Amino acid sequence: QVQLVESGGGLVQAGDSLSLSCAASGRTFSTYAMGWFRQAPGKERKFVALITESGGVKLYADPVKGRFTISRDNVKNTVNLQMNNLRPEDTAVYYCAADRSFGDLVRALGVEYWGKGTLVTVSS
C-alpha cells in the first residue's frame, strides 16, 4: 500500500513559479514510476509529467515542456514538480500518481495509486 500526499499548491500570478511536492509512504517507493497529472474544471484528467523508478527517464506533456521539471528523491520518498512561467491555462487540481508500470502510467490505465490533489490557480 502506498499513500501519496501532495502539497505546494496555491494562487499565483501568470509568469510566477510554484513547486509541488508529493510525499509517499512505504518502503518500496523506488520501485514505482511516478507522475503528475492535472484536471481543470470540466475537463478530463491528463498527464503532466512522468518519471521512471530511477529517475533516468522523464516525459512531459507538450503544454508544459520547457517550463515544468519533474524530479524524485528515492531516499526522501518524494517526487517534485517545479513549475515556471505559469499560465492561466495551468490552473487545475494537480494529482500525484504511482504505478509499478511506467507504461501504465503513460497510458493512465489502471493507475495503482493517486493522491487527493492540490489546487493550483494562476491568475492573469
Side-chain angles (χ1 to χ4, degrees):
Q1 187 79 5
V2 174
Q3 291 187 326
L4 305 173
V5 179
E6 303 96 335
S7 63
L11 172 63
V12 297
Q13 293 186 331
D16 285 351
S17 296
L18 201 61
S19 182
L20 304 182
S21 185
C22 173
S25 65
R27 291 173 288 182
T28 59
F29 176 76
S30 62
T31 66
Y32 285 84
M34 301 296 297
W36 286 96
F37 291 73
R38 67 186 182 186
Q39 186 168 19
K43 297 188 177 181
E44 63 179 9
R45 189 177 302 186
K46 295 183 178 180
F47 103 91
V48 174
L50 308 175
I51 189 168
T52 54
E53 296 86 333
S54 67
V57 176
K58 302 176 184 180
L59 188 65
Y60 296 95
D62 286 344
V64 307
K65 282 181 180 177
R67 299 188 298 124
F68 290 12
T69 302
I70 189 170
S71 62
R72 68 185 295 159
D73 186 327
N74 285 346
V75 174
K76 296 181 179 179
N77 284 10
T78 58
V79 59
N80 299 307
L81 185 68
Q82 177 64 39
M83 306 184 293
N84 297 329
N85 191 22
L86 283 161
R87 305 167 180 170
E89 54 264 39
D90 294 319
T91 295
V93 177
Y94 284 71
Y95 297 90
C96 180
D99 200 295
R100 281 169 288 191
S101 166
F102 186 74
D104 285 352
L105 209 53
V106 170
R107 293 183 292 269
L109 289 177
V111 172
E112 293 183 69
Y113 300 103
W114 291 99
K116 293 184 178 181
T118 186
L119 177 63
V120 173
T121 304
V122 185
S123 64
S124 57

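What you see is a predicted model; the values in this text were computed from it and never measured.
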Return the [atom1] to [atom2] distance between [X] and [Y], rounded to the nearest 0.5 Å.
X: Ser21; Y: Leu81; atom1: OG; atom2: CG; answer: 10.0 Å
X: Gln1; Y: Tyr113; atom1: CD; atom2: OH; answer: 4.5 Å
X: Leu86; Y: Asp16; atom1: CG; atom2: CG; answer: 7.0 Å
X: Leu119; Y: Thr91; atom1: CG; atom2: OG1; answer: 8.0 Å
X: Lys58; Y: Ile51; atom1: NZ; atom2: CD1; answer: 5.0 Å
X: Leu105; Y: Thr52; atom1: CG; atom2: OG1; answer: 10.5 Å

Under 3.5 Å: donor-acceptor pair, side chain of [X], backbone of [Y]:
X: Tyr60; Y: Ile70; result: yes
X: Asp104; Y: Val111; result: no
X: Asn74; Y: Phe29; result: no
X: Glu6; Y: Leu20; result: no
X: Ser124; Y: Pro88; result: no

Is [Y] close to [X] at the side-chain level, that is, under 4.5 Å between some pair of heavy atoms?
X: Val93; Y: Phe37; value: no
X: Met83; Y: Val12; value: no
X: Val79; Y: Trp36; value: yes
X: Val64; Y: Arg38; value: yes
X: Gln39; Y: Tyr95; value: yes

| query | CD of Glu89: more than 12 outside heavy atoms within 6.0 angstrom? | reply |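 More than 12 heavy atoms, drawn from other residues, nucleotides or ligands, come within 6.0 Å of this atom.
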
| Are Phe47 and Phe68 co-members of a hydrophobic cluster defined by side-chain heavy atoms under 4.5 Å apart? |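 Phe68 and Phe47: separate clusters.
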
| query | Same cluster for Leu4 and Val120 if Ile/Leu/Val/Met/Phe/Trp/Tyr side chains link at under 4.5 Å? | reply |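 Linked within one cluster.
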
| query | Do Gln82 and Asn84 pass the side-chain hydrogen bond (donor to acceptor under 3.5 Å, both in side chains) test, and can you show the C-alpha distance, the side-chain angles, and the key distance before you say yes or no? | reply | CA-CA 7 Å; Gln82 177 64 39; Asn84 297 329; 2.9 Å; yes

What is the minimum heavy-atom distance between [X] and [Y], and which atoms define it?
X: Asp99; Y: Gly110; value: OD2-O, 3.4 Å
X: Cys22; Y: Asn80; value: N-OD1, 4.4 Å
X: Gly35; Y: Leu50; value: CA-CD2, 3.6 Å

| request: Answer yes or no on whether Arg72 is positioned over the face of Tyr32, meaning its NZ or CZ is under 6.0 Å from the six-membered ring centre and within 45° of the axis. | output: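 No; the conditions do not both hold, so Arg72 does not lie above the ring face of Tyr32.
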
| message | So that I can tick it off, tell me whether Arg87 and Asp90 are bridged by a salt bridge, with the cut-off set at under 4.0 angstrom between side-chain N and carboxylate O. | response |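 No, this pair does not count.
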
